[in-house]
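All remarks here apply to the structure that follows.
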Amino acid sequence: MDLSPFERDNSQNCLLASPVPEQCKKEGCCLGIDEAGRGPVLGPMVYGICYCSVSRKKDLEDLKVADSKTLNEAERERLFELLNGKTEFIGWALHILSPNIISTSMQQRAKYNLNALSHDTAIGLVQHALDTGVQVTEVFVDTVGPAEKYQEKLKHRFPEIEVTVRPKADSLFPVVSAASICAKVARDRVVKGWKFLEDLTDVDTNYGSGYPNDPKTKEWLVRHLDPVFGYPQFVRFSWSTAQTILDSKAAPVVWGDDDEEASGKSSSHSLLSFFSTSKDSTKPQSHRFFMERQLEPLADL
């Protein structure tokens with residue numbers, strides 16, 4: 001697993017994939033989808049798919065794959081190498097979602113929540129498999145949100161494929177367990193070798209599990225907060241754990257108008273007044289979309 005394309009710029013998402021086995025281009029295949037790192041406040045979320053020809057399902061089962069959460073790191077690494085070595089009938093692909101992209105997506109003007117991001121990423125990976133020639137006939141997915149709605153969404157998007165969405169699918173279907181292992185191994189390796197793009201000194205890499213309820217993670221967040229610039233991009237700053245620390249520890253930001261309103265004083269030229277339209281104007285008022293972005297026509301038609 002070559003993670004260097006993501007490590008060169010971990011502020012952006014990255015798609016990685018194994019070569020597609022020739023057998024998977026000729027025969028119907030089952031495909032499993034799972035993720036690793038949905039809940040942590042630190043590091044990326046990784047979505048993974050693993051697929052194999054339907055005729056070789058038994059061979060996949062014989063590898064004794066299991067839900068990655070029930071395995072220790074050494075077991076996951078061993079099983080991933082087994083999966084990665086079966087190049088004649090097993091393939092995989094990963095979409096690494098940068099913590100920076102996760103946070104900015106969730107906090108943009110048009111909210112893009114984690115469930116929608118997860119669904120779109122899973123759909124994108126299935127489409128990637130199809131585009132690279134994998135003859136996908138069955139898809140098994142660990143659910144995100146209500147299983148029935150998610151299954152309906154996937155069936156609508158891929159009507160020719162038999163789709164099964166189940167809670168705990170990673171413990172029910174070996175092909176989903178395999179996807180879980182691929183995703184978890186990739187996330188563990190990325191987090192362990194994280195390269196901070198910011199010019200930081202004396203960065204402590206003992207950040208625990210990265211989950212919000214981990215005391216080591218909370219201590220790391222407090223210790224590595226810059227009161228002016230906030231957190232490095234390793235942190236999902238949209239998570240409430242990070243927001244709470246920012247609100248209590250970071251330097252407050254106060255606008256000039258706020259000071260005047262708090263003291264009861266009024267200014268003859270409020271900052272907002274420079275962006276408002278004169279009440280005496282006879283021109284039709286621009287749409288709110290253009291006003292918020294301070295956009296004006298170059299010439300009137």
Side-chain angles (χ1 to χ4, degrees), residues 1-3 5-6 13-36 46-68 76 79-97 117-144 147-186:
M1 183 188 297
D2 180 14
L3 296 170
F6 178 72
N13 297 343
C14 183
L15 180 67
L16 305 173
S18 71
V20 178
E22 286 301 316
Q23 188 175 28
C24 294
K25 295 179 180 180
K26 299 173 182 177
E27 299 181 13
C29 294
C30 60
L31 180 148
I33 307 174
D34 201 10
E35 52 76 23
V46 180
Y47 253 81
I49 60 171
C50 189
Y51 53 87
C52 75
S53 54
V54 173
S55 64
R56 304 293 294 271
K57 274 187 178 182
K58 181 63 168 59
D59 294 325
L60 176 61
E61 293 174 10
D62 289 343
L63 297 179
K64 305 298 183 185
V65 292
D67 174 10
S68 67
R76 290 192 298 267
L79 286 169
F80 174 74
E81 294 305 327
L82 278 177
L83 292 166
N84 198 39
K86 301 297 182 181
T87 55
E88 71 277 14
F89 71 99
I90 293 177
W92 53 265
L94 301 167
H95 196 158
I96 306 175
L97 301 172
L117 181 60
S118 297
H119 289 177
D120 290 347
T121 303
I123 289 169
L125 281 169
V126 175
Q127 189 61 54
H128 168 78
L130 293 170
D131 291 344
T132 53
V134 182
Q135 300 300 304
V136 182
T137 58
E138 303 172 355
V139 168
F140 300 88
V141 190
D142 197 0
T143 192
V144 174
E148 297 80 8
K149 289 185 177 180
Y150 191 12
Q151 182 165 304
E152 183 181 346
K153 183 176 184 178
L154 289 171
K155 282 186 174 182
H156 179 74
R157 180 65 177 78
F158 303 106
E160 303 301 319
I161 298 175
E162 183 180 341
V163 177
T164 302
V165 179
R166 294 284 186 277
K168 307 296 183 184
D170 45 7
S171 61
L172 298 174
F173 308 106
V175 73
V176 181
S177 301
S180 172
I181 289 168
C182 293
K184 180 62 174 169
V185 166

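Worth saying up front: this structure is predicted, and the values here are computed from it rather than measured.
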Hey, what do you get for CD1 (Ile49) to NE2 (His95), rounding to the nearest 0.5 Å? 11.5 Å
Pairwise side-chain contact, Met1 with Leu94, heavy-atom cut-off 4.5 Å (strictly under): yes
Determine whether a donor-acceptor pair (N or O, by modelled atom type, separation under 3.5 Å) exists between the side chain of Asp142 and the backbone of Lys168. yes
Who are the side chain to side chain donor-acceptor pair (under 3.5 Å) partners of Lys153, not counting sequence neighbours? His119
When the side chains of residues 154-166 are checked against the rest of the protein, which donor-acceptor pairs come out under 3.5 Å, sequence neighbours left out?
from	atom 1	to	atom 2	distance (Å)
Arg157	NH1	Gln127	OE1	3.4
Arg157	NH2	Gln127	OE1	3.1

Nearest 0.5 Å, please: how far is CZ in Phe6 from CG in Asn13? 7.5 Å
With sequence neighbours excluded, residues passing side chain to side chain donor-acceptor pair (under 3.5 Å) with Asp34: Ser180
Nearest 0.5 Å, what's the OG1-CG distance between Thr121 and Leu97? 4.5 Å
Could you report the tightest heavy-atom contact between Cys52 and Ile90, atom names first, then the distance? CB-CG1, 4.0 Å
Using salt bridge (charged side-chain N to carboxylate O under 4.0 Å, His left out) as the criterion, list what pairs up with Asp131, not counting sequence neighbours. none
With a 4.5 Å limit on heavy-atom distance, are the side chains of Ile181 and Asp170 in contact? no
The side chain to side chain donor-acceptor pair (under 3.5 Å) partners of Glu81 (sequence neighbours excluded) come to Arg189
Start with the C-alpha distance between Val46 and Val185, add both sets of side-chain angles, then the distance that settles side-chain contact (heavy atoms from CB on, under 4.5 Å), and finish with yes or no. CA-CA 9 Å; Val46 180; Val185 166; over 6 Å; no
If you look only at distance, which donor and acceptor atoms sit under 3.5 Å apart when one is on a side chain in residues 18-29 and the other is two or more places apart or in another chain?
from	atom 1	to	atom 2	distance (Å)
Ser18	OG	Trp92	N	2.9
Ser18	OG	Trp92	O	3.3
Gln23	OE1	Arg56	NH1	3.4
Gln23	NE2	Glu27	OE2	3.3
Glu27	OE1	Ser55	OG	2.8

Locate the shortest heavy-atom distance separating Gly48 from Leu125; write the atom from each residue and the value. N-CD1, 4.2 Å
Restricting to non-hydrogen atoms, name the atom on Leu79 and the atom on Leu63 that form the minimum distance, rounded to 0.1 Å. CD2-O, 3.4 Å
After noting the C-alpha distance and the side-chain angles of Val144 and Tyr150, does the key distance pass the side-chain contact (heavy atoms from CB on, under 4.5 Å) rule? CA-CA 7 Å; Val144 174; Tyr150 191 12; 4.3 Å; yes
Residue pair Val175 / Cys30: nearest heavy atoms and the distance that separates them: CG2-O, 4.0 Å
Could you report the tightest heavy-atom contact between Leu31 and Val126, atom names first, then the distance? CD2-CG2, 4.2 Å
So Leu16 and Leu3, do their side chains get closer than 4.5 Å, heavy atoms only? yes
How close do Val136 and Ala129 get, counting heavy atoms only, and between which atoms? CG2-CB, 4.2 Å
Nearest-0.5 Å distance that lies between atom OG in Ser177 and atom CG in Leu60: 8.5 Å
